[in-house]
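Below is one structure; the comments refer to it alone.
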Amino acid sequence: MQVLYKSTRSNSQPITASKAILRGFPADGGLYVPTQVPVIEKPMSELAQMDYQGVAFEVMRLLLTDYTDEELLACIRGAYDDKFDTPQIAPLKKVGDAYYLELFHGPTIAFKDMALSILPYLMTTAAKKNGSGKEIVILTATSGDTGKAALAGFAGVPGTKIMVFYPKNGVSAIQERQMVTTVGDNTRVIGIRGNFDDAQTSVKQLFNDRELVEEMDRAGMQFSSANSINIGRLTPQVVYYFYAYTRLLKDGVIREGEKINFTVPTGNFGNILAAYYAKRMGLPVDKLICASNSNKVLYDFFGTGTYDRKREFILTTSPSMDILISSNLERLIYHICGDDPDQCRAFMQELNEGGEYHITDDMRAQLSDFVGGFATEEETAAQIRAAYEASGYVMDPHTAVAGSVYTRYREASGDSTVTVIDSTASPFKFEGSVMKALGQDTSLPDLELAEKLSEIAGVPVPKAVSDLKDAKVMHDIVCDRDEMKEEVRRFLGL
């Protein structure tokens with residue numbers, strides 16, 4: 001079955017997966033979605049005998065149907081190799097009543113590595129397949145983790161440039177240090193005076209700036225995206241839900257066909273959307289528990305059917321979830337309104353112009369798979385402390401948000417279904433917040449704090465952190481939102 005991709009906002013002609021990955025997102029401002037969701041035919045017991053790379057191939061070949069098996073295998077082998085610090089790629093750890101899927105064993109110690117390690121391979125292969133001789137310019141807004149993972153993936157890749165914008169005071173010290181020390185002539189990192197939503201909205205506007213796009217075209221360049229709005233980011237994320245299920249099956253924790261729950265800390269909705277697609281592809285999943293921090297716009301949406309971004313933006317200890325405009329939710333809205341681009345476009349227009357939209361009762365009925373929850377800053381810190389005191393396991397604040405939400409869900413519902421919680425970042429990436437939650441002195445410099453955390457957690461300091469000790473700052477530009485276009489032009493030499 002050939003899977004094509006179309007826009008959430010128009011009835012434009014569907015295109016192949018490789019073209020969708022190359023373009024990033026449609027010219028009408030929507031997002032690419034599959035015209036049909038394929039169902040996996042291989043038994044879970046067969047997938048359980050495969051390694052991560054094998055599961056990735058079986059899942060992704062169903063979604064990226066215009067890539068040959070040889071092309072896809074080459075992309076997978078290039079991505080999931082010894083740049084990950086464990087051959088399991090994404091190991092499961094039992095902690096208390098749940099299983100934590102550790103998605104932070106890649107080069108930048110965050111879950112974004114799971115997709116951004118393969119995206120450069122998918123994109124450069126797509127360029128060859130489609131005869132594009134243009135230089136690919138990756139333009140990305142980040143709430144902290146996507147930026148460094150994208151930079152790590154694209155730095156030094158021939159035929160590409162990458163430019164990352166991040167909120168200057170809205171990421172952790174380690175996240176910022178990782179980004180601004182990136183080496184590579186084809187990279188540029190810029191802090192903006194504003195929050196992530198400001199950066200994300202402005203980047204979208206640049207993608208749709210006709211004057212800029214035409215100027216780039218004359219110079220032999222084209223934009224693409226490394227954010228989760230690119231289906232080349234989303235597709236690899238579907239894989240690890242299948243992988244987690246098949247590890248539980250292989251270990252005898254569940255029987256084949258038995259449903260499990262997933263709890264996902266989320267801000268931009270991409271990670272949990274990947275779990276939704278995995279379920280539609282035939283993975284035995286019951287509940288998708290959407291965990292928010294104090295910026296609980298998604299929690300309110302699932303509880304009321306109203307998406308309302310008109311609220312205070314709160315800076316938290318889980319900054320990658322400090323988001324009020326969850327871009328990937330648009331894909332879910334498109335599907336639950338019957339794959340109707342006109343209705344989806346109308347909702348997005350309401351959000352853009354009035355700051356909110358309200359879905360119909362019929363649409364709400366299709367959200368029964370989802371459960372919303374949120375954790376306050378105090379609950380997040382308490383979860384870090386409780387997990388450590390009970391088992392010696394140290395988790396980052398984003399994972400703690402999910403752990404806290406799951407604990408309260410289980411207590412309130414009595415649902416004892418086997419549950420996997422996405423552990424989305426290493427605690428070393430947010431060491432200050434973690435050490436404070438554990439009642440430790442946080443006055444030490446960042447890298448000394450990492451050594452102290454290493455003693456407490458009983459695990460070595462990740463290379464991604466220790467390498468920062470002597471790393472030189474390569475990027476020091478800070479600008480306002482209205483200066484972003486000029487910074488893009490300057491970087492590209494236009």
Side-chain angles (χ1 to χ4, degrees), residues 8-9 30-37 39 228-229 231 234 237-238 241 245 259-293 295-311 321 323-351 354-375 401-402 404-406 408-410 412-415 417 419-422:
T8 52
R9 299 193 190 181
L31 302 177
Y32 285 119
V33 288
T35 52
Q36 51 191 326
V37 178
V39 175
S228 54
I229 54 177
I231 60 103
L234 194 59
Q237 290 180 265
V238 177
Y241 293 102
Y245 185 93
K259 290 186 175 183
I260 68 172
N261 295 336
F262 284 102
T263 303
V264 184
T266 190
N268 216 23
F269 206 73
N271 209 359
I272 197 165
L273 182 72
Y276 165 80
Y277 277 127
K279 178 170 183 172
R280 287 190 58 179
M281 289 180 71
L283 189 66
V285 177
D286 187 18
K287 294 299 181 185
L288 298 170
I289 303 166
C290 180
S292 299
N293 64 14
N295 291 290
K296 54 188 180 68
V297 64
L298 290 167
Y299 167 77
D300 291 339
F301 169 72
F302 285 115
T304 66
T306 295
Y307 192 95
D308 184 0
R309 65 173 172 81
K310 305 188 307 297
R311 62 185 70 203
M321 298 160 66
I323 295 171
L324 297 182
I325 303 173
S326 302
S327 288
N328 275 289
L329 187 64
E330 178 172 343
R331 287 182 163 114
L332 180 64
I333 295 298
Y334 172 82
H335 290 308
I336 65 174
C337 70
D339 291 4
D340 183 343
D342 295 331
Q343 190 170 0
C344 183
R345 185 177 64 253
F347 283 129
M348 296 308 116
Q349 190 170 342
E350 288 176 33
L351 180 66
E356 67 177 352
Y357 60 82
H358 185 82
I359 63 173
T360 66
D361 290 341
D362 286 343
M363 291 171 69
R364 286 193 68 187
Q366 296 181 61
L367 297 177
S368 58
D369 291 347
F370 291 89
V371 177
F374 78 97
V401 167
S404 176
V405 166
Y406 171 65
R408 280 179 287 120
Y409 164 76
R410 183 182 171 106
S413 66
D415 183 359
T417 301
T419 297
V420 172
I421 296 174
D422 282 11

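The structure presented is a predicted model; accordingly, all values stated were derived computationally and were not measured. Start at 1 with the first residue, then count along the sequence.
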Query raised in the report: Quick one: salt bridge (charged side-chain N to carboxylate O under 4.0 Å, His left out) pairs with a partner in residues 295-304, sequence neighbours left out?
Result: K296-D300, D300-R311

Report task. Quick one: list whatever passes salt bridge (Lys or Arg N to Asp or Glu O under 4.0 Å) with R309, sequence neighbours left out. Result -> none

Report summary line: Residue set satisfying salt bridge (Lys or Arg N to Asp or Glu O under 4.0 Å) with R410, at least two apart, ordered chain then number -> D97

Query - Donor-acceptor contact present, side-chain K287 to main-chain I260, <3.5 Å - result: no

Query raised in the report: Atom OG in S404, atom CG in N293: separation rounded to 0.5 Å?
Result: 11.5 Å

Query raised in the report: Which atoms form the tightest heavy-atom contact between S228 and N268, and what is the distance?
Result: OG-ND2, 3.7 Å

Report task. Give the minimum heavy-atom separation between S327 and L31, together with the two atoms involved. Result -> O-CD1, 3.5 Å

Query - M348/Y357 under side-chain contact (heavy atoms from CB on, under 4.5 Å): CA gap, chis, key distance, verdict - result: CA-CA 8 Å; M348 296 308 116; Y357 60 82; 3.9 Å; yes

Query raised in the report: Could you give the distance from CD1 (I336) to CG (L367), rounded to the nearest 0.5 Å?
Result: 4.0 Å

Query raised in the report: With sequence neighbours left out, which residue pairs that include part of residues 355-374 fulfil the salt bridge (charged side-chain N to carboxylate O under 4.0 Å, His left out) condition?
Result: K279-D369, K310-E356

Report summary line: Between I229 and N328 the two heavy atoms that sit nearest each other are N-ND2, 4.3 Å

**Report entry** Sequence-distant partners of F374, ring pair (Phe, Tyr, Trp, His ring centres under 6.0 Å), two or more places apart
**Finding:** Y299

Report task. Begin with the C-alpha distance, continue with both residues' side-chain angles, and end with the deciding distance and a verdict on side-chain contact (heavy atoms from CB on, under 4.5 Å) for V401 and M321. Result -> CA-CA 10 Å; V401 167; M321 298 160 66; 3.7 Å; yes

**Report entry** Partners passing side chain to side chain contact (heavy atoms under 4.5 Å, CB included) against A278 (at least two apart in sequence or in another chain)
**Finding:** V238, Y241, F242, L283

Query raised in the report: Between OG of S292 and CZ of F301, what distance do you get to the nearest 0.5 Å?
Result: 11.5 Å

Report task. For Y32, check side chain to side chain donor-acceptor pair (under 3.5 Å) against everything at least two apart and list the hits. Result -> none

Report task. Take Y409 and N261, measure what side-chain contact (heavy atoms from CB on, under 4.5 Å) needs, and give me the verdict at the end. Result -> CA-CA 11 Å; Y409 164 76; N261 295 336; 4.2 Å; yes

Requested in this report: Can you measure from CD1 (I323) to OG1 (T266) and round to the nearest 0.5 angstrom?
Outcome: 7.5 Å

**Report entry** Contacts of Y307 that satisfy side chain to side chain donor-acceptor pair (under 3.5 Å) - sequence neighbours left out
**Finding:** S326

Query - C337 versus Q343, closest heavy-atom pair with distance - result: CB-OE1, 3.7 Å

Report summary line: Closest heavy-atom pair, V285 versus L288, reported as atoms and distance to 0.1 Å, is CG1-CD2, 3.8 Å

Requested in this report: Only counting residues at least two apart or in another chain, list the ones meeting side chain to side chain donor-acceptor pair (under 3.5 Å) with Q36.
Outcome: none

Query raised in the report: What pairs with V33 under side chain to side chain contact (heavy atoms under 4.5 Å, CB included), at least two apart in sequence or on another chain?
Result: K6, T8, Y277, R331, Y334, H335

Query raised in the report: To the nearest 0.5 Å, how far apart are CD1 in I333 and CZ in F347?
Result: 6.5 Å

Query raised in the report: Heavy atoms, side chains only, cut-off 4.5 Å: are R9 and E330 in contact?
Result: yes

Report summary line: Across all chains, not counting sequence neighbours, the side chain to side chain donor-acceptor pair (under 3.5 Å) partners of T360 are none

Query raised in the report: Among all residues two or more places apart in sequence or in another chain, which pass the salt bridge (Lys or Arg N to Asp or Glu O under 4.0 Å) test with D415?
Result: none

Query raised in the report: Quick check: does any side chain N or O of T306 sit under 3.5 Å from a backbone N or O of D308, one acting as donor and the other as acceptor?
Result: no

Report task. Let me see the working for Q237 and N271 under side-chain contact (heavy atoms from CB on, under 4.5 Å), right down to the final yes or no. Result -> CA-CA 7 Å; Q237 290 180 265; N271 209 359; 3.4 Å; yes

Query raised in the report: At what distance, to the nearest 0.5 angstrom, does CD1 of I289 lie from CZ of F302?
Result: 12.0 Å

